[in-house]
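Only heavy atoms go into these numbers, but all of them, side chains included; no hydrogens, no water, no symmetry mates.
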Amino acid sequence: MNNQDPKSRVQRYNFNADDQPTPRRRRRQRRWWPWIMTLLTLAIAIVLVLVINTHKSSSSSDTATASSAESSLTTKSSSTSESSAYESFQAKYRKYLTNGTLTASQHQKLQAIVNAESNSATQAREQKLLDQAEVQKSSTASSSTTSQSSATKSSSSSNPTSFDTTHTFSSVNDAQNWAQASKNQWLQAGYSTYTITSDGQGNYNLQFIR
């Protein structure tokens, strides 16, 4: 029994021996592929995010540049249009202006242009230029003043027969203005109306009728 047969399938152990060999544990092989795939996925995601952000930034920059260019063109166009409108008004103003004055008709035409101007800055410049000119008194107003003066002189002279005579004027307006200015006098003198006739030589005769 003590002699161990090397071919025997039974292995004997000596439990009293100190140098009994311990069984070796197999080391588990670490799997690196999942970690590598995770890192690759993260890297691809980061690259995609950076590309998208760069594209958005570039697109926003292009849009801002285009908007700025368009705004600049609009400003230049508006400035050119404003300058052109003012220069056109200034040319008409200088054409009408005579010795620093304008006739009432000319002033009215220029004022209509100013009122029709849509740009407030241009309108202010045109109005400032127009206000520098003096407006001539119209011939009608002048003749009316003359007629009133004549009527006053007539009434002050207290000549009751002044309405019996025919009064000659250079225009119908002058005759009408004189008749209206002296209306109170010729009504008090007993006249009810008047007539204006032409003498064929460019003169107009005013005659009062009882």
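Side chain to side chain, T168 and N203 fail the donor-acceptor criterion of an N or O pair below 3.5 Å. Checking Q111 against N115 by side-chain atom types alone, a donor-acceptor pair falls below 3.5 Å. Looking only at atom types and distance, the side chain of D131 has a donor-acceptor partner in the side chain of Q127 under 3.5 Å away.
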>> Apply side chain to side chain contact (heavy atoms under 4.5 Å, CB included) to residues L129 and Q90 and explain how you reach the verdict.
In response: CA-CA 8 Å; L129 179 63; Q90 189 178 42; 4.0 Å; yes
> Can you check side chain to side chain contact (heavy atoms under 4.5 Å, CB included) on N205 and I196, steps first, answer last?
Replying inline: CA-CA 5 Å; N205 298 322; I196 300 174; over 6 Å; no
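If you take CG on N99 and CD on Q136, they are separated by 8.5 Å, rounding to the nearest 0.5 Å. Rounded to the nearest 0.5 Å, atoms OG1 (T98) and CD (Q106) are 6.0 Å apart. E134 contributes atom CD, which lies 11.0 Å from atom NE2 of H107 (distance to the nearest 0.5 angstrom). If you take CD on E117 and OG on S88, they are separated by 10.0 Å, rounding to the nearest 0.5 Å. We find the CG-CD distance between N119 and E126 to be 9.0 Å, quoted to the nearest 0.5 Å. Here the OG1 atom belonging to T166 is positioned 11.0 Å from the CG atom belonging to D199, to the nearest 0.5 angstrom.
In terms of heavy-atom proximity, S182 sits nearest to W178 at OG-O, 2.8 Å. A104 and V135 make their closest contact through CA-CG1, 3.9 Å (heavy atoms, listed as atom of the first residue, atom of the second, distance).
Here the side chains of F89 and L110 are in contact, with some heavy-atom distance below 4.5 Å. With contacts defined as side-chain heavy-atom distances shorter than 4.5 Å, the pair Q132/Y93 qualifies. Looking only at side-chain heavy atoms (C-beta outward), L206 and F169 come within less than 4.5 Å of each other.
Here the side chain of R210 pairs a donor or acceptor atom with the backbone of A189 at under 3.5 angstrom.
Between F208 and H167, the ring planes are perpendicular. Angles over 60° get that label, and only those under 30° would be called parallel. Between W186 and Y194, the angle of the ring planes goes over 60°, which puts this pair in the perpendicular group of the 30/60° scheme.
Across T103, T101, L102, a single residue satisfies side chain to side chain contact (heavy atoms under 4.5 Å, CB included) together with Y96, and that is L102.
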